[in-house]
Amino acid sequence: IYAKAASSKISDTMGKSEFLTLFTTQLKNQNPLDPVKNEAFVAQLAQFSQLEATTSMQNSMTDLVSALKGDRMMTGASLIGRQVAVPDVPAMLSAGQPVTGIINLPNGADSVKIDFLDESGKVLRSDTLGSQKPGLASFTWDGKDAAGITMPDGKYFMAATAVLAGQTSKLPVNTMTTVQSVSSDPTTQELMLQVGGGGNAPISSIVRVGF
């Protein structure tokens with residue numbers, strides 16, 4: 001049983017060098033009166049060729065994956081300083097500059113309500129958009145509350161509720177924000193964007209890129 005287990009372990013971990021050593025040793029020690037048949041010799045050569053091809057392909061794939069990782073990181077790095085629209089990140093109000101939000105309406109909407117909230121979740125102001133066609137709908141917030149008072153610079157949030165055929169549904173808001181840095185998630189290997197306000201979003205969640 002031990003010999004069988006050891007043999008199984010060797011076969012599981014045998015590489016091309018071990019295979020070639022075993023193959024040449026077999027040829028050196030074959031019985032001259034009963035040499036290895038041509039068919040068996042050719043079969044072993046075919047196995048070695050297959051092993052060599054598999055090893056080469058594995059090395060090529062490893063090189064390709066490494067090259068793609070480098071390309072992806074460079075692509076992500078090119079977004080640093082750019083404006084991107086990503087979901088579930090805070091809207092940063094700065095120097096009275098308007099904040100842009102984008103919502104996805106695959107079926108359109110009869111109306112859309114937009115709430116602008118502070119960090120505590122208090123609604124500062126609500127706007128209503130009219131009928132919207134299917135696709136991406138964008139809106140801006142000038143940083144003022146319902147009384148027309150400009151809010152101080154800082155972190156705010158936006159929430160959207162759409163009405164279609166009498167049905168109400170909440171929608172994620174994609175906020176236009178600035179990419180500050182890019183990193184690679186060690187678990188998923190996906191590129192992660194670090195954006196204004198301390199938000200994080202996978203690069204695959206981008207719905208729009210601007211300046």
Side-chain angles (χ1 to χ4, degrees), residues 72-211:
R72 289 173 63 246
M73 184 58 74
M74 291 302 295
T75 299
S78 68
L79 292 173
I80 295 177
R82 299 284 295 274
Q83 288 274 311
V84 297
V86 290
D88 303 322
V89 297
M92 296 303 298
L93 193 63
S94 177
Q97 294 299 313
V99 176
T100 300
I102 299 173
I103 52 177
N104 185 20
L105 299 167
N107 300 312
D110 297 329
S111 65
V112 179
K113 177 186 176 185
I114 308 295
D115 292 326
F116 305 99
L117 309 92
D118 62 15
E119 284 194 81
S120 68
K122 176 184 176 181
V123 177
L124 303 173
R125 173 176 145 190
S126 297
D127 289 346
T128 301
L129 307 180
S131 178
Q132 301 293 315
K133 296 180 180 180
L136 296 177
S138 61
F139 59 90
T140 58
W141 179 45
D142 58 8
K144 296 180 180 180
D145 65 5
I149 300 174
T150 300
M151 294 293 96
D153 291 355
K155 186 186 301 184
Y156 297 87
F157 295 89
M158 299 181 288
T161 304
V163 177
L164 178 63
Q167 298 295 319
T168 301
S169 59
K170 293 185 177 181
L171 301 173
V173 176
N174 300 280
T175 305
M176 289 295 292
T177 183
T178 304
V179 179
Q180 297 180 338
S181 64
V182 180
S183 63
S184 178
D185 188 314
T187 303
T188 64
Q189 302 303 314
E190 184 170 15
L191 288 184
M192 299 296 296
L193 305 176
Q194 288 74 52
V195 298
N200 292 277
I203 194 170
S204 59
S205 67
I206 294 176
V207 298
R208 181 175 294 176
V209 178
F211 291 98

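Please read all numbers here as calculations on a predicted model, not as lab measurements.
Atom-to-atom distance recorded for Asp142:CG and Met151:CE is 10.5 Å, nearest 0.5 angstrom. In this structure, Met158 CE and Thr100 OG1 are separated by 8.0 Å, a value rounded to the nearest 0.5 Å. A distance of 3.5 Å separates CG of Asp115 from OG of Ser126, quoted to the nearest 0.5 Å. With values rounded to the nearest 0.5 angstrom, Thr161 atom OG1 is found 7.5 Å from Leu171 atom CG. Taking CD from Gln167 and CG from Asn107, the interatomic distance works out to 12.0 Å, rounded to the nearest 0.5 Å. Rounding to the nearest 0.5 angstrom, the gap separating the CG atom in Leu193 from the OG1 atom in Thr178 is 11.5 Å.
The shortest heavy-atom contact between Gly210 and Met176 is N-CE, 4.2 Å. In this structure, Asp145 and Ala147 approach most closely via the heavy-atom pair OD1-N, 3.0 Å. Annotation for Glu190 and Ile203: closest pair OE2-N, 4.3 Å, computed over non-hydrogen atoms. The two atoms that bring Gln180 and Ile80 nearest to each other are O-CG2, 3.7 Å, heavy atoms only. Closest of all the heavy-atom pairs between Pro90 and Lys155 is CB-CG, 3.1 Å. Smallest separation of non-hydrogen atoms from Ser205 and Val86: OG-CG1, 3.8 Å.
Trp141 places none of its side-chain heavy atoms less than 4.5 Å from the side chain of Ile114. In this structure, Tyr156 and Thr175 have side chains that are not in contact, with every pair of non-hydrogen atoms separated by 4.5 Å or more. Counting only heavy atoms from C-beta outward, the side chains of Val207 and Asn104 never approach each other to under 4.5 Å. The side-chain heavy atoms of Leu105 and Leu164, taken from C-beta on, include no pair separated by under 4.5 Å.
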